[in-house]
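We name chains A, B, ... by the order of the sequence lines, and we start the count at 1 in each one. The figures that follow rest on heavy atoms only: side chains count, while hydrogens, waters and symmetry mates do not.
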Number of protein chains: 4
Amino acid sequence: MEIDKPVLRKDPNGEPNPMPVIARKALKPRTKPAEVRRDDILRAATSLFVAKGVGTTTIDEIATRAEVAKGTFYLYFTSKEDVVAALRERFVAGFRARILSAIEARPPDDWTGRLMSFVSAGITAYLDDHRLHDVVFHDHRPDQRQMKGDNPLIGDLSTLLAAGAKAGAWSVDDPDLAAIVLFNGLHGAVDHAIERGVRDGSGLAANLSALFLRMVRPE
Amino acid sequence: MEIDKPVLRKDPNGEPNPMPVIARKALKPRTKPAEVRRDDILRAATSLFVAKGVGTTTIDEIATRAEVAKGTFYLYFTSKEDVVAALRERFVAGFRARILSAIEARPPDDWTGRLMSFVSAGITAYLDDHRLHDVVFHDHRPDQRQMKGDNPLIGDLSTLLAAGAKAGAWSVDDPDLAAIVLFNGLHGAVDHAIERGVRDGSGLAANLSALFLRMVRPE
Amino acid sequence: MEIDKPVLRKDPNGEPNPMPVIARKALKPRTKPAEVRRDDILRAATSLFVAKGVGTTTIDEIATRAEVAKGTFYLYFTSKEDVVAALRERFVAGFRARILSAIEARPPDDWTGRLMSFVSAGITAYLDDHRLHDVVFHDHRPDQRQMKGDNPLIGDLSTLLAAGAKAGAWSVDDPDLAAIVLFNGLHGAVDHAIERGVRDGSGLAANLSALFLRMVRPE
Amino acid sequence: MEIDKPVLRKDPNGEPNPMPVIARKALKPRTKPAEVRRDDILRAATSLFVAKGVGTTTIDEIATRAEVAKGTFYLYFTSKEDVVAALRERFVAGFRARILSAIEARPPDDWTGRLMSFVSAGITAYLDDHRLHDVVFHDHRPDQRQMKGDNPLIGDLSTLLAAGAKAGAWSVDDPDLAAIVLFNGLHGAVDHAIERGVRDGSGLAANLSALFLRMVRPE
DNA sequence: TATGAATGAGCTTTCATTCAT
DNA sequence: TATGAATGAAAGCTCATTCAT
């Protein structure tokens, strides 16, 4: 707060210096492109969050693991929550990309195939990253509720259902509601599977697809 | 029953109290039954958690609102999480009781009616208490995942579906999976409705029931 | 911020425990009357502030010197500035008491004597405590300006001048302004003396009194 | 003179710059004369200090407002305190110049007029710049005390009083002491006026002059 | 049982200063 | 000269938990 701070500065890199300066330089460039630094921090945070939870991970730990000073952390993020938010964005985007690309691999009019791709890609992606998922979706904020609603995958699913219905392949009264039920049903089913230690989602995919197809099959 | 809890017993310097102990005791039985005390604390915690979140509520605040000393809190609970767990148990039990009693109001062989009761009672109960629900289900712990699996309502639903199928009313391949999808679908649909500010769940109940019945209807 | 904090607790008093518990108890009662604790902290802060300035003194140091935990500090004060404010109040009250009692030692109608007492008591008191004075009056706040104006001693002085004038002993056109000039003149003169290392204020008192009396003497 | 200071020179990856150095130099003499740079920084600091205090202003902010890199700041000043000291010097010099020139506007033997000019110019100058005054004189350092003593205006005033006395216009026993009292009295009186929101100092000047003249008038 | 003063580890955040470019 | 990313020491403050009464 005040003017007269004591100034103590030791060895700025803090480690015994057995190596010539030039070699050190090569190993540890003081400055990296911002993108890389940011990514270093994000990666460090991810592994810590997954390993020990967001709450118990300190910013100190994140900085240390990212091989960055604590102050540097604050150059890139404003708080731990800010990191979680960045991770969440990343996670959602990657998750969605995986699923969409699986769908696109099917012919446009293969409605059943597209839905099954959605289901199996969703299961696989979730099984792969569920620990990161948990990290990224478990905060306390009351506006948290909002975020689910923004889930673009539900919109994608709704669009798929509506298109299939329009094409006469399915019968769907309320595509939005059906999409919500399907997405959350899938989500819950994978949670259940994870609890049981399931590693391979193909069986679940078949069963879920069957269930979902029943729900949309014409009378 | 709560005759005389002293609000202020300041005696900061410990002067000898002129009143004999026995007389004091007779006048001031300072304790409440443990159940009541516990409940005071639980109620105080609930309102604070709902108002400002678990993370930002301190044990000090809980104790103050419960009109109890901080030390007394630790006589009844070991930590804040312990309180959340107690609240969760309560919540789940109440929630389930509401739904089961709605189901039981229907004739045992009215399968469709029973499922619809499940849906509409579930929606109503959740709409009523979703803020407490959020409090009670939003912590970070990795073992959190476990709790959903323990959700007895999914078991109840599975039982209902299996019984209906056995009775020939429905066709259900995997009642457990169907129950999971139904329960989570319902959960997600209500979340969605809450986000949109929906206060009355009857429309949603009708639509959801229709969707669910499609899923179990015989070929 | 979060729920799952690691709990590490070692030896609560942190020192090797060579002494029997009873003896320890006698030496270090865990709890003291609030007044005493507060005073412990205030005394610790004073000595540190005087020795090394407010800015460079940390709350940690204050707590340590007061033999109190850091948290205890915050039980009694909200910040370092809060301590300075408490010290300032104390200082002003004591300073004023000294001067007023010196004045009261003179007969009520001994106007010259009263003014001289004011001057010499003021000089002495300030010489005695000027380091604490500096500590207590050197913060940055813009509203600082306000505080000087609230200085009750200027009011006291103004009253004295007005009374002496009314009694016909002096001629004072604007007692408030004269009081301000006298007080600040005295203040500055003592500052000057302190800079020069003066320890005894009696010579200064005589000279200043003479000057002040010139200022109020009738035509 | 400031032809082309680049606002953004982002070159984050350090790609080799295709433009030859000499041509670049000709186009972009990136430096300003040291005096100007220094002044930029001083001006930036002044406005920030006045607006939000020295303690809460960071060097980052100063550099940003001066449109200079943080490192450049350290090319011109060694610390924030260094800036305050430079500002103080400036302030004192300007203040003194204003007062001296007001005095010099009077005939050399117009003692009363000279003293009145001192008073009214002092009041005006202080009223004009009191916020900068506060900034520049409000730090914590114990050696602060020294600076007042160095105040050359007190010396000027003492010289004036001694000269007037020597000329037989006044009676002044101890010109140094009288100068101290006058200067500090004036200072305090203006502070008091500022607190009361006074904008025009002419009334105060008349009253103060009268008071001061009483103090030096011959028996 | 009940109390609440006391504890202190630990966290977040700031910012003056450096230095490779 | 000029830059600004990086540093990391330091500080303020919180709050779950204890324990003597």
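Among the heavy atoms of the strands lying under 4.0 Å from B/Thr58 are primed sugar atoms or P, OP1, OP2 only; no base atom is included. Residue-level contact check: D/Thr64 touches neither bases nor backbone, having no heavy atom under 4.0 Å from any strand. No contact: C/Phe73 has no heavy atom under 4.0 Å from any strand. Within the 4.0 angstrom heavy-atom criterion, only backbone atoms of the sugar-phosphate kind lie near B/Tyr76; the bases stay farther away.
Take the nearest nucleotide of DNA chain E for D/Ile59 and for B/Gly71: the residue whose nucleotide is more 5' is B/Gly71. For the pair D/Thr78 and C/Thr72, nearest-nucleotide mapping onto DNA chain E gives the more 5' position to C/Thr72.
Separating the CG atom of C/Asp60 from the C1' atom of E/dC11 is a distance of 14 Å, rounded to the nearest angstrom. Between C/Phe77 atom CZ and F/dG12 atom C1' there is a gap of 16 Å when expressed in whole angstrom units. Distance D/Asp82 CG to E/dT17 C1': 14 Å, rounded to the nearest Å. In this structure, CZ of D/Arg38 is placed 14 Å from P of F/dT1, rounded to the nearest angstrom. B/Glu61 places its CD atom 12 Å from the P atom of F/dT14, with the value rounded to the nearest Å. The distance from atom CG of C/Asp40 to atom C1' of E/dA6 is 13 Å, rounded to the nearest whole Å. The CD1 atom of D/Ile62 sits 17 Å away from the P atom of F/dG4 (whole-angstrom rounding). One interatomic measurement links the two molecules: CD1 of D/Ile41 to P of F/dT1, which rounds to 12 Å at whole-angstrom precision.
Once rounded to the nearest 0.5 Å, the distance linking CG of B/Leu48 with OG1 of B/Thr64 reads 9.0 Å.
Under the Watson-Crick and G-U wobble criteria, each requiring two contacts below 3.5 Å, nucleotide F/dA20 is paired to E/dT3.
In terms of the ring-ring contact (aromatic ring centres under 6.0 Å, His included) criterion, residue partners of C/Phe77 (sequence neighbours excluded) are, by chain and number, C/Phe73.
Checking the phosphate oxygens (OP1, OP2) of F/dA5, no side-chain nitrogen or oxygen of A/Lys32 falls inside 4.0 Å. Between F/dA20 and C/Thr31, no contact under 4.0 Å exists linking OP1 or OP2 to a side-chain N or O. Side-chain N/O atoms of D/Arg37 include none lying less than 4.0 angstrom from OP1 or OP2 on F/dT1.
With E/dA16, F/dT3, F/dC13 as the candidates, the nucleotide lying closest to the side chain of D/Tyr74 is E/dA16. Side-chain proximity of D/Leu75 to F/dT1, F/dT7, E/dA16: nearest is F/dT1. With E/dT7, F/dA6, F/dG12 as the choices, the nucleotide that has an atom nearest any side-chain atom of C/Ala69 turns out to be E/dT7.
Ion pairing of A/Asp40 with A/Lys32 is present here, as a side-chain N (NZ or NE/NH1/NH2) and a carboxylate O approach within less than 4.0 Å.
Remark: the C/Lys70 side chain and the E/dT7 base include no donor-acceptor N/O pair separated by less than 3.5 Å.
Dense packing is recorded around CD of C/Glu61, with more than 12 heavy atoms of other residues, nucleotides or ligands lying under 6.0 Å away.
In this structure, a donor-acceptor pair under 3.5 Å is present between the side chains of D/Ser47 and D/Arg65.
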Inset, instruction - Decide side chain to side chain contact (heavy atoms under 4.5 Å, CB included) for B/Thr46 and B/Val135; before the verdict, give the C-alpha distance in whole Å, the side-chain angles of both, and the deciding distance to 0.1 Å. - result: CA-CA 8 Å; B/Thr46 302; B/Val135 160; over 6 Å; no
